[in-house]
Protein chains: 2
Amino acid sequence: MNTLAEENYLKSIYHLSLNAENVSTNQLAALLNTKASSVTDMLKKLADKELINYTPYQGVTLTPPGEKIAINIIRKHRLWEFFLVEKLNFKWDEVHEMAEEMEHISSNELIDRLDRFMGYPKYDPHGDPIPDCDGKFKVHDLKPVSAIEINESGIICGVRDHSAGFLQYLEKQGLTIGKKIKVEDIIEFDRSMILQMETKTVQISREVANNLLITL
Amino acid sequence: MNTLAEENYLKSIYHLSLNAENVSTNQLAALLNTKASSVTDMLKKLADKELINYTPYQGVTLTPPGEKIAINIIRKHRLWEFFLVEKLNFKWDEVHEMAEEMEHISSNELIDRLDRFMGYPKYDPHGDPIPDCDGKFKVHDLKPVSAIEINESGIICGVRDHSAGFLQYLEKQGLTIGKKIKVEDIIEFDRSMILQMETKTVQISREVANNLLITL
DNA sequence: AATAAAATTTAGATTAGTCTAAATTTATTA
DNA sequence: TAATAAATTTAGACTAATCTAAATTTTATT
(Lines give C-alpha, C1' and ligand atoms only; values in the text may rest on other atoms or scores of the structure.)
Protein backbone atom coordinates (compact mmCIF):
# COMPACT_ATOMS: atom_id res chain seq x y z
CA MET A 1 0.00 0.00 0.00
CA ASN A 2 0.90 3.65 -0.29
CA THR A 3 1.48 6.17 2.44
CA LEU A 4 -0.95 8.94 3.28
CA ALA A 5 1.34 11.50 1.68
CA GLU A 6 1.65 9.47 -1.51
CA GLU A 7 -2.12 9.12 -1.76
CA ASN A 8 -2.58 12.85 -1.33
CA TYR A 9 -0.05 13.61 -4.03
CA LEU A 10 -1.69 11.20 -6.48
CA LYS A 11 -5.10 12.68 -5.76
CA SER A 12 -3.80 16.22 -6.26
CA ILE A 13 -2.06 15.31 -9.50
CA TYR A 14 -5.31 13.81 -10.72
CA HIS A 15 -7.31 16.93 -9.91
CA LEU A 16 -4.78 19.27 -11.49
CA SER A 17 -4.56 17.04 -14.58
CA LEU A 18 -8.15 17.95 -15.42
CA ASN A 19 -7.09 21.50 -16.23
CA ALA A 20 -3.65 21.01 -17.74
CA GLU A 21 -1.83 18.33 -19.65
CA ASN A 22 1.24 18.25 -17.42
CA VAL A 23 1.06 19.12 -13.75
CA SER A 24 3.84 21.36 -12.47
CA THR A 25 5.79 21.20 -9.25
CA ASN A 26 4.58 24.62 -8.17
CA GLN A 27 0.94 23.81 -8.83
CA LEU A 28 1.29 20.81 -6.57
CA ALA A 29 3.14 22.78 -3.91
CA ALA A 30 0.34 25.35 -3.87
CA LEU A 31 -2.46 22.78 -3.69
CA LEU A 32 -0.73 20.66 -1.06
CA ASN A 33 0.40 23.59 1.03
CA THR A 34 4.00 22.55 0.88
CA LYS A 35 7.27 23.67 -0.72
CA ALA A 36 8.38 22.99 -4.25
CA SER A 37 11.46 21.15 -3.01
CA SER A 38 9.31 18.78 -0.99
CA VAL A 39 7.22 18.13 -4.07
CA THR A 40 10.28 17.28 -6.13
CA ASP A 41 11.34 14.70 -3.56
CA MET A 42 7.95 13.04 -3.59
CA LEU A 43 7.73 13.09 -7.38
CA LYS A 44 10.94 11.09 -7.55
CA LYS A 45 9.53 8.59 -5.13
CA LEU A 46 6.27 8.23 -7.07
CA ALA A 47 8.20 7.95 -10.32
CA ASP A 48 10.31 5.15 -8.82
CA LYS A 49 7.07 3.35 -8.02
CA GLU A 50 5.92 3.97 -11.60
CA LEU A 51 2.79 5.76 -10.46
CA ILE A 52 3.68 8.93 -12.37
CA ASN A 53 5.62 9.91 -15.48
CA TYR A 54 8.15 12.44 -14.34
CA THR A 55 10.66 14.35 -16.43
CA PRO A 56 12.62 16.90 -14.39
CA TYR A 57 11.49 20.47 -15.07
CA GLN A 58 8.67 19.20 -17.31
CA GLY A 59 5.96 18.32 -14.81
CA VAL A 60 4.15 15.03 -14.34
CA THR A 61 1.27 12.89 -15.52
CA LEU A 62 -0.25 9.85 -13.84
CA THR A 63 0.49 6.40 -15.18
CA PRO A 64 -2.51 4.06 -15.48
CA PRO A 65 -1.78 2.46 -12.09
CA GLY A 66 -1.34 5.91 -10.55
CA GLU A 67 -4.61 7.11 -11.99
CA LYS A 68 -6.40 4.03 -10.71
CA ILE A 69 -5.22 4.75 -7.19
CA ALA A 70 -6.18 8.43 -7.50
CA ILE A 71 -9.67 7.63 -8.73
CA ASN A 72 -10.15 5.11 -5.95
CA ILE A 73 -9.31 7.76 -3.37
CA ILE A 74 -11.73 10.18 -5.00
CA ARG A 75 -14.39 7.45 -5.00
CA LYS A 76 -13.88 6.99 -1.27
CA HIS A 77 -13.91 10.72 -0.61
CA ARG A 78 -17.17 11.27 -2.44
CA LEU A 79 -18.93 8.24 -1.01
CA TRP A 80 -18.02 9.30 2.52
CA GLU A 81 -19.25 12.81 1.77
CA PHE A 82 -22.52 11.36 0.56
CA PHE A 83 -22.76 9.27 3.71
CA LEU A 84 -22.10 12.24 5.96
CA VAL A 85 -24.78 14.35 4.30
CA GLU A 86 -27.43 11.72 3.60
CA LYS A 87 -27.10 9.53 6.68
CA LEU A 88 -25.62 11.79 9.34
CA ASN A 89 -27.33 15.00 8.19
CA PHE A 90 -24.27 17.16 7.85
CA LYS A 91 -24.54 20.17 5.55
CA TRP A 92 -22.68 20.19 2.24
CA ASP A 93 -20.21 22.77 3.49
CA GLU A 94 -19.24 20.72 6.56
CA VAL A 95 -18.05 17.44 5.11
CA HIS A 96 -14.89 18.11 3.14
CA GLU A 97 -12.36 17.95 5.95
CA MET A 98 -13.84 14.81 7.44
CA ALA A 99 -13.84 13.10 4.06
CA GLU A 100 -10.19 14.11 3.61
CA GLU A 101 -9.43 11.78 6.50
CA MET A 102 -11.93 9.06 5.65
CA GLU A 103 -10.76 8.68 2.06
CA HIS A 104 -7.62 6.99 3.40
CA ILE A 105 -9.42 4.11 5.12
CA SER A 106 -7.89 1.31 3.14
CA SER A 107 -10.50 -1.42 2.79
CA ASN A 108 -12.13 -1.56 -0.64
CA GLU A 109 -14.61 -4.13 0.62
CA LEU A 110 -15.74 -1.52 3.12
CA ILE A 111 -16.23 1.17 0.53
CA ASP A 112 -18.07 -1.18 -1.83
CA ARG A 113 -20.45 -2.12 0.96
CA LEU A 114 -20.91 1.52 1.88
CA ASP A 115 -21.74 2.17 -1.77
CA ARG A 116 -24.40 -0.56 -1.72
CA PHE A 117 -25.73 0.60 1.65
CA MET A 118 -26.44 4.01 0.17
CA GLY A 119 -27.96 2.68 -3.05
CA TYR A 120 -25.04 3.33 -5.40
CA PRO A 121 -25.28 7.12 -5.55
CA LYS A 122 -24.02 8.69 -8.78
CA TYR A 123 -23.15 12.14 -7.43
CA ASP A 124 -21.78 13.49 -4.18
CA PRO A 125 -23.38 16.38 -2.25
CA HIS A 126 -21.58 18.94 -4.41
CA GLY A 127 -22.68 17.36 -7.66
CA ASP A 128 -19.36 15.69 -8.40
CA PRO A 129 -19.65 12.23 -9.96
CA ILE A 130 -18.82 9.21 -7.80
CA PRO A 131 -16.63 6.64 -9.59
CA ASP A 132 -18.01 3.10 -9.40
CA CYS A 133 -15.95 0.19 -8.07
CA ASP A 134 -14.23 -0.11 -11.44
CA GLY A 135 -13.31 3.55 -11.45
CA LYS A 136 -15.82 4.51 -14.12
CA PHE A 137 -18.00 7.58 -13.88
CA LYS A 138 -20.02 9.90 -16.10
CA VAL A 139 -18.40 13.19 -16.95
CA HIS A 140 -21.62 15.07 -17.63
CA ASP A 141 -20.57 18.30 -19.19
CA LEU A 142 -21.53 21.28 -17.12
CA LYS A 143 -21.11 24.93 -17.89
CA PRO A 144 -20.86 27.86 -15.52
CA VAL A 145 -23.93 30.04 -15.17
CA SER A 146 -21.75 32.83 -16.49
CA ALA A 147 -21.65 31.11 -19.88
CA ILE A 148 -25.35 31.34 -20.65
CA GLU A 149 -27.39 34.17 -22.10
CA ILE A 150 -30.38 36.13 -20.94
CA ASN A 151 -33.55 34.00 -20.95
CA GLU A 152 -31.62 30.76 -21.07
CA SER A 153 -32.16 28.40 -18.18
CA GLY A 154 -30.59 25.37 -16.55
CA ILE A 155 -30.42 23.16 -13.50
CA ILE A 156 -27.76 23.58 -10.87
CA CYS A 157 -25.60 20.44 -10.96
CA GLY A 158 -22.25 21.37 -9.48
CA VAL A 159 -19.78 23.92 -8.17
CA ARG A 160 -16.26 24.81 -9.15
CA ASP A 161 -15.27 26.27 -5.81
CA HIS A 162 -15.78 23.81 -2.95
CA SER A 163 -14.89 26.17 -0.11
CA ALA A 164 -17.21 26.22 2.89
CA GLY A 165 -17.72 29.96 2.49
CA PHE A 166 -18.94 29.68 -1.09
CA LEU A 167 -21.18 26.72 -0.28
CA GLN A 168 -22.71 28.53 2.68
CA TYR A 169 -23.42 31.54 0.48
CA LEU A 170 -25.13 29.37 -2.13
CA GLU A 171 -27.16 27.62 0.55
CA LYS A 172 -28.35 30.94 1.91
CA GLN A 173 -29.43 32.04 -1.57
CA GLY A 174 -31.17 28.74 -2.17
CA LEU A 175 -28.80 28.00 -5.04
CA THR A 176 -28.42 24.30 -4.30
CA ILE A 177 -28.02 21.16 -6.40
CA GLY A 178 -31.13 20.37 -8.45
CA LYS A 179 -32.61 23.88 -8.43
CA LYS A 180 -33.78 25.32 -11.73
CA ILE A 181 -32.64 28.80 -12.64
CA LYS A 182 -33.19 31.17 -15.56
CA VAL A 183 -31.09 34.20 -16.42
CA GLU A 184 -33.41 37.17 -16.27
CA ASP A 185 -30.89 39.91 -16.79
CA ILE A 186 -27.20 40.68 -16.90
CA ILE A 187 -26.03 43.97 -15.44
CA GLU A 188 -23.73 45.62 -17.92
CA PHE A 189 -21.58 47.44 -15.39
CA ASP A 190 -20.11 44.42 -13.61
CA ARG A 191 -21.75 41.61 -15.58
CA SER A 192 -23.49 40.38 -12.46
CA MET A 193 -26.49 38.20 -13.21
CA ILE A 194 -30.08 38.24 -12.06
CA LEU A 195 -31.44 34.74 -11.77
CA GLN A 196 -35.07 33.76 -11.69
CA MET A 197 -35.77 30.78 -9.45
CA GLU A 198 -38.95 28.90 -8.52
CA THR A 199 -40.02 31.24 -5.80
CA LYS A 200 -37.72 34.20 -6.00
CA THR A 201 -35.14 36.19 -7.86
CA VAL A 202 -31.50 36.50 -6.80
CA GLN A 203 -28.61 38.56 -8.05
CA ILE A 204 -25.17 36.98 -8.19
CA SER A 205 -21.76 38.41 -9.05
CA ARG A 206 -19.78 37.32 -12.07
CA GLU A 207 -17.43 35.56 -9.67
CA VAL A 208 -20.26 33.47 -8.28
CA ALA A 209 -21.67 32.80 -11.76
CA ASN A 210 -18.29 31.48 -12.81
CA ASN A 211 -18.29 28.98 -9.99
CA LEU A 212 -21.83 27.70 -10.22
CA LEU A 213 -22.34 24.91 -12.74
CA ILE A 214 -25.49 23.92 -14.61
CA THR A 215 -26.84 21.59 -17.27
CA LEU A 216 -29.19 23.02 -19.85
CA MET B 1 -4.22 16.86 18.41
CA ASN B 2 -2.14 13.75 18.89
CA THR B 3 -0.41 11.67 16.29
CA LEU B 4 -1.59 8.25 15.22
CA ALA B 5 1.26 6.60 17.13
CA GLU B 6 0.46 8.54 20.29
CA GLU B 7 -3.19 7.54 20.09
CA ASN B 8 -2.27 3.90 19.68
CA TYR B 9 0.03 4.00 22.68
CA LEU B 10 -2.62 5.62 24.87
CA LYS B 11 -5.20 3.09 23.78
CA SER B 12 -2.81 0.20 24.49
CA ILE B 13 -1.88 1.57 27.89
CA TYR B 14 -5.56 1.82 28.70
CA HIS B 15 -6.26 -1.78 27.71
CA LEU B 16 -3.27 -3.12 29.63
CA SER B 17 -4.20 -1.04 32.68
CA LEU B 18 -7.32 -3.15 33.09
CA ASN B 19 -5.19 -6.15 34.11
CA ALA B 20 -2.35 -4.52 35.99
CA GLU B 21 -1.79 -1.42 38.05
CA ASN B 22 1.29 -0.22 36.20
CA VAL B 23 1.85 -1.01 32.54
CA SER B 24 5.37 -2.13 31.67
CA THR B 25 7.50 -1.22 28.69
CA ASN B 26 7.67 -4.82 27.53
CA GLN B 27 3.93 -5.33 27.74
CA LEU B 28 3.47 -2.35 25.48
CA ALA B 29 6.18 -3.48 23.11
CA ALA B 30 4.49 -6.88 22.77
CA LEU B 31 1.02 -5.43 22.21
CA LEU B 32 2.19 -2.78 19.77
CA ASN B 33 4.52 -5.08 17.88
CA THR B 34 7.48 -2.86 18.44
CA LYS B 35 10.72 -2.81 20.45
CA ALA B 36 11.11 -1.86 24.08
CA SER B 37 13.48 0.95 23.17
CA SER B 38 10.87 2.47 20.87
CA VAL B 39 8.36 2.29 23.66
CA THR B 40 10.67 4.09 26.06
CA ASP B 41 11.05 6.94 23.58
CA MET B 42 7.32 7.30 23.18
CA LEU B 43 6.69 7.10 26.91
CA LYS B 44 8.97 10.08 27.42
CA LYS B 45 7.04 11.99 24.81
CA LEU B 46 3.68 11.16 26.34
CA ALA B 47 4.99 12.02 29.80
CA ASP B 48 6.15 15.42 28.48
CA LYS B 49 2.60 15.99 27.28
CA GLU B 50 1.33 14.93 30.70
CA LEU B 51 -0.81 12.18 29.24
CA ILE B 52 0.89 9.47 31.31
CA ASN B 53 2.67 9.16 34.64
CA TYR B 54 6.05 7.70 33.85
CA THR B 55 8.77 6.71 36.27
CA PRO B 56 11.73 5.06 34.53
CA TYR B 57 11.84 1.29 35.14
CA GLN B 58 8.52 1.46 37.00
CA GLY B 59 5.99 1.41 34.18
CA VAL B 60 3.22 3.88 33.42
CA THR B 61 -0.34 4.85 34.23
CA LEU B 62 -2.61 7.21 32.32
CA THR B 63 -3.28 10.69 33.67
CA PRO B 64 -6.93 11.81 33.57
CA PRO B 65 -6.40 13.65 30.25
CA GLY B 66 -4.61 10.62 28.84
CA GLU B 67 -7.40 8.32 29.91
CA LYS B 68 -9.98 10.62 28.38
CA ILE B 69 -8.25 10.42 25.02
CA ALA B 70 -7.88 6.65 25.29
CA ILE B 71 -11.56 6.15 26.08
CA ASN B 72 -12.56 8.41 23.21
CA ILE B 73 -10.54 6.28 20.80
CA ILE B 74 -12.13 3.15 22.19
CA ARG B 75 -15.56 4.77 21.81
CA LYS B 76 -14.81 5.45 18.16
CA HIS B 77 -13.45 1.98 17.59
CA ARG B 78 -16.51 0.27 19.03
CA LEU B 79 -19.02 2.54 17.34
CA TRP B 80 -17.41 1.94 13.97
CA GLU B 81 -17.39 -1.80 14.64
CA PHE B 82 -21.08 -1.59 15.42
CA PHE B 83 -21.67 0.35 12.22
CA LEU B 84 -19.75 -2.16 10.12
CA VAL B 85 -21.68 -5.11 11.51
CA GLU B 86 -25.15 -3.59 11.82
CA LYS B 87 -25.25 -1.36 8.77
CA LEU B 88 -22.78 -2.90 6.36
CA ASN B 89 -23.38 -6.52 7.36
CA PHE B 90 -19.82 -7.48 8.11
CA LYS B 91 -19.29 -10.44 10.42
CA TRP B 92 -17.96 -9.90 13.92
CA ASP B 93 -14.61 -11.43 13.03
CA GLU B 94 -14.06 -9.11 10.06
CA VAL B 95 -14.27 -5.65 11.57
CA HIS B 96 -11.34 -5.20 13.90
CA GLU B 97 -8.70 -4.12 11.40
CA MET B 98 -11.00 -1.65 9.69
CA ALA B 99 -11.99 -0.13 13.01
CA GLU B 100 -8.31 0.19 13.91
CA GLU B 101 -8.08 2.71 11.10
CA MET B 102 -11.46 4.35 11.58
CA GLU B 103 -10.92 5.04 15.28
CA HIS B 104 -8.44 7.74 14.29
CA ILE B 105 -10.91 9.85 12.29
CA SER B 106 -10.69 12.98 14.39
CA SER B 107 -14.12 14.61 14.37
CA ASN B 108 -16.09 14.10 17.58
CA GLU B 109 -19.15 15.68 15.98
CA LEU B 110 -18.99 12.88 13.42
CA ILE B 111 -18.81 10.13 15.99
CA ASP B 112 -21.61 11.65 18.06
CA ARG B 113 -23.83 11.75 15.00
CA LEU B 114 -22.88 8.21 14.10
CA ASP B 115 -23.85 7.23 17.64
CA ARG B 116 -27.26 8.85 17.23
CA PHE B 117 -27.70 7.38 13.73
CA MET B 118 -27.34 3.91 15.20
CA GLY B 119 -29.58 4.55 18.20
CA TYR B 120 -26.93 4.91 20.89
CA PRO B 121 -25.86 1.27 21.08
CA LYS B 122 -24.52 0.15 24.47
CA TYR B 123 -22.35 -2.75 23.30
CA ASP B 124 -20.22 -3.46 20.27
CA PRO B 125 -20.47 -6.67 18.23
CA HIS B 126 -18.15 -8.49 20.63
CA GLY B 127 -20.11 -7.46 23.69
CA ASP B 128 -17.70 -4.75 24.80
CA PRO B 129 -19.37 -1.65 26.23
CA ILE B 130 -19.38 1.52 24.11
CA PRO B 131 -18.45 4.65 26.10
CA ASP B 132 -20.95 7.49 25.68
CA CYS B 133 -19.90 10.95 24.55
CA ASP B 134 -18.81 11.77 28.11
CA GLY B 135 -16.66 8.65 28.28
CA LYS B 136 -18.99 6.81 30.66
CA PHE B 137 -19.92 3.18 30.21
CA LYS B 138 -21.25 0.26 32.22
CA VAL B 139 -18.70 -2.28 33.32
CA HIS B 140 -21.13 -5.17 33.67
CA ASP B 141 -19.23 -7.87 35.41
CA LEU B 142 -18.82 -10.95 33.32
CA LYS B 143 -17.24 -14.23 34.21
CA PRO B 144 -15.69 -16.83 31.94
CA VAL B 145 -17.75 -19.94 31.28
CA SER B 146 -14.90 -21.83 32.92
CA ALA B 147 -15.82 -20.25 36.26
CA ILE B 148 -19.26 -21.79 36.58
CA GLU B 149 -20.34 -25.19 37.84
CA ILE B 150 -22.29 -28.07 36.38
CA ASN B 151 -25.97 -27.16 35.97
CA GLU B 152 -25.33 -23.43 36.22
CA SER B 153 -26.33 -21.38 33.23
CA GLY B 154 -25.71 -17.94 31.74
CA ILE B 155 -25.98 -15.73 28.69
CA ILE B 156 -23.03 -15.14 26.41
CA CYS B 157 -22.15 -11.46 26.68
CA GLY B 158 -18.52 -11.11 25.63
CA VAL B 159 -15.20 -12.61 24.69
CA ARG B 160 -11.73 -12.24 26.10
CA ASP B 161 -9.89 -13.19 22.93
CA HIS B 162 -10.87 -10.99 19.99
CA SER B 163 -8.89 -12.82 17.31
CA ALA B 164 -10.67 -13.62 14.06
CA GLY B 165 -9.89 -17.31 14.48
CA PHE B 166 -11.55 -17.55 17.88
CA LEU B 167 -14.57 -15.54 16.76
CA GLN B 168 -15.01 -17.71 13.68
CA TYR B 169 -14.87 -20.82 15.83
CA LEU B 170 -17.53 -19.44 18.18
CA GLU B 171 -19.71 -18.46 15.24
CA LYS B 172 -19.49 -21.97 13.81
CA GLN B 173 -20.51 -23.45 17.17
CA GLY B 174 -23.36 -20.97 17.48
CA LEU B 175 -21.75 -19.53 20.59
CA THR B 176 -22.62 -15.90 19.83
CA ILE B 177 -23.61 -12.87 21.89
CA GLY B 178 -27.00 -13.28 23.55
CA LYS B 179 -27.14 -17.06 23.42
CA LYS B 180 -28.11 -18.91 26.58
CA ILE B 181 -25.94 -21.78 27.68
CA LYS B 182 -25.98 -24.26 30.57
CA VAL B 183 -23.07 -26.38 31.73
CA GLU B 184 -24.17 -29.97 31.38
CA ASP B 185 -20.93 -31.66 32.28
CA ILE B 186 -17.24 -31.09 32.84
CA ILE B 187 -14.83 -33.74 31.62
CA GLU B 188 -12.42 -34.52 34.39
CA PHE B 189 -9.48 -35.45 32.19
CA ASP B 190 -8.95 -32.06 30.52
CA ARG B 191 -11.69 -30.02 32.20
CA SER B 192 -13.36 -29.40 28.87
CA MET B 193 -17.02 -28.45 29.19
CA ILE B 194 -20.20 -29.72 27.64
CA LEU B 195 -22.65 -26.91 27.10
CA GLN B 196 -26.36 -27.24 26.58
CA MET B 197 -27.78 -24.67 24.20
CA GLU B 198 -31.26 -24.00 22.85
CA THR B 199 -31.12 -26.51 20.07
CA LYS B 200 -27.96 -28.47 20.60
CA THR B 201 -25.10 -29.47 22.82
CA VAL B 202 -21.50 -28.47 22.21
CA GLN B 203 -18.25 -29.42 23.84
CA ILE B 204 -15.61 -26.73 24.36
CA SER B 205 -12.06 -26.89 25.65
CA ARG B 206 -10.97 -25.24 28.87
CA GLU B 207 -9.09 -22.72 26.73
CA VAL B 208 -12.30 -21.72 24.95
CA ALA B 209 -14.26 -21.67 28.22
CA ASN B 210 -11.70 -19.28 29.65
CA ASN B 211 -12.25 -16.86 26.80
CA LEU B 212 -16.01 -16.93 26.57
CA LEU B 213 -17.77 -14.54 28.95
CA ILE B 214 -21.25 -14.76 30.39
CA THR B 215 -23.65 -13.11 32.83
CA LEU B 216 -25.64 -15.31 35.13
C1' DA C 1 20.34 36.33 -28.71
C1' DA C 2 21.57 37.95 -24.18
C1' DT C 3 19.84 38.73 -19.87
C1' DA C 4 16.50 38.77 -16.21
C1' DA C 5 12.84 36.39 -13.96
C1' DA C 6 10.49 32.36 -12.74
C1' DA C 7 10.37 27.59 -11.93
C1' DT C 8 12.59 23.65 -10.44
C1' DT C 9 16.04 20.81 -8.45
C1' DT C 10 19.90 19.77 -5.28
C1' DA C 11 22.26 19.87 -0.90
C1' DG C 12 22.05 19.60 3.66
C1' DA C 13 19.27 19.87 7.92
C1' DT C 14 15.12 18.63 10.91
C1' DT C 15 11.33 15.89 13.17
C1' DA C 16 8.68 11.68 14.32
C1' DG C 17 9.00 7.17 14.89
C1' DT C 18 11.46 3.35 14.61
C1' DC C 19 15.61 0.14 15.02
C1' DT C 20 20.09 -2.44 16.97
C1' DA C 21 23.48 -2.87 20.27
C1' DA C 22 25.37 -1.55 24.50
C1' DA C 23 24.75 0.06 29.17
C1' DT C 24 22.12 0.26 33.25
C1' DT C 25 18.69 -0.97 36.63
C1' DT C 26 15.69 -4.24 38.84
C1' DA C 27 14.38 -8.90 39.99
C1' DT C 28 15.57 -13.66 40.82
C1' DT C 29 18.03 -17.33 42.62
C1' DA C 30 21.62 -20.11 44.16
C1' DT D 1 23.76 -11.44 49.51
C1' DA D 2 26.40 -11.99 45.44
C1' DA D 3 25.79 -13.43 40.95
C1' DT D 4 22.85 -13.98 37.17
C1' DA D 5 18.89 -13.10 34.44
C1' DA D 6 15.40 -10.13 32.90
C1' DA D 7 13.70 -5.69 32.00
C1' DT D 8 14.54 -1.17 30.71
C1' DT D 9 16.97 2.75 29.08
C1' DT D 10 20.59 5.14 26.42
C1' DA D 11 23.33 5.96 22.36
C1' DG D 12 23.58 6.24 17.80
C1' DA D 13 21.62 5.23 13.27
C1' DC D 14 17.78 4.93 9.76
C1' DT D 15 13.51 6.26 6.88
C1' DA D 16 9.73 9.26 5.39
C1' DA D 17 8.46 13.65 4.82
C1' DT D 18 9.39 17.97 5.31
C1' DC D 19 12.17 22.51 5.31
C1' DT D 20 15.69 26.54 3.86
C1' DA D 21 19.09 28.15 0.97
C1' DA D 22 21.81 27.65 -3.01
C1' DA D 23 22.34 26.01 -7.68
C1' DT D 24 20.42 24.98 -12.03
C1' DT D 25 17.20 24.99 -15.85
C1' DT D 26 13.50 26.97 -18.40
C1' DT D 27 10.80 30.87 -19.89
C1' DA D 28 10.11 35.60 -20.81
C1' DT D 29 11.80 40.08 -22.07
C1' DT D 30 14.52 43.50 -23.71
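What you see is a predicted model; the values in this text were computed from it and never measured. Chain identifiers are assigned alphabetically (A, B, ...) following the order of the sequence lines, protein sequences preceding nucleic acid strands; residue numbering begins at 1 within each chain.
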Output the rounded distance in Å from CG (Leu28(A)) to C1' (dA7(C)). 13 Å

What integer distance in Å separates Leu46(B):CG from dT18(C):P? 11 Å

In whole angstroms, the gap separating P of dC19(D) from CG of Leu32(A) amounts to 10 Å

Aromatic plane relationship, Phe83(B) with Trp80(A) - under 30° parallel, 30 to 60° tilted, over 60° perpendicular: tilted

Distance-only donor-acceptor test (3.5 Å): side chain Ser24(B), base dT8(D): no

Just checking Ala36(B): base, sugar-phosphate only, or nothing, at a heavy-atom cut-off of under 4.0 Å? base

Within the pair Tyr57(A) and dA23(D), is there a side-chain N or O less than 4.0 Å away from OP1 or OP2? no

Taking for Glu6(A) and for Gln27(B) the nucleotide of DNA chain D with the nearest heavy atom, the one nearer the 5' end belongs to Gln27(B)

Asp41(A) CG to dA16(D) C1': how many Å, rounded? 10 Å

Value in whole Å for how far the P atom of dT26(C) lies from CG of Asn22(B): 14 Å

Classify the nucleic acid contact of Thr25(A) as base, sugar-phosphate or nothing, counting any heavy atom under 4.0 Å across all strands shown. sugar-phosphate

Does a side-chain N-to-carboxylate-O contact under 4.0 Å join Arg75(B) and Asp115(B)? yes

Trp92(A) pairs by side-chain hydrogen bond (donor to acceptor under 3.5 Å, both in side chains) with which of His162(A), Glu171(A), Glu81(A)? Glu171(A)

With a 4.0 Å cutoff (strictly under), does any side-chain N or O of Thr40(B) reach OP1 or OP2 of dT9(D)? yes

Between Thr34(A) and dT18(D), is there a contact of a side-chain N or O with OP1 or OP2 at under 4.0 Å? no

Looking at Ser37(B), I'd like to know whether one of its side-chain N or O atoms comes within less than 4.0 Å of OP1 or OP2 on dT9(D). no

Using atom NZ of Lys35(A) as one end and atom C1' of dA6(C) as the other, report the distance to the nearest whole Å. 16 Å

Side-chain N or O of Asn26(A) closer than 4.0 Å to phosphate OP1/OP2 of dT8(C): yes

I need the CD-P distance between Glu7(A) and dA16(D), as an integer number of Å. 16 Å

What is the distance from CG of Asp48(A) to P of dA16(D), rounded to the nearest Å? 11 Å

Do Arg113(B) and Glu109(B) meet the salt-bridge criterion of a basic N to acidic O distance under 4.0 Å? yes

Test: Asp41(B) and Lys35(B) ion pair at under 4.0 Å: no

Is the phosphate of dT9(C) approached by Tyr54(A) (side-chain N or O, under 4.0 Å from OP1 or OP2)? yes

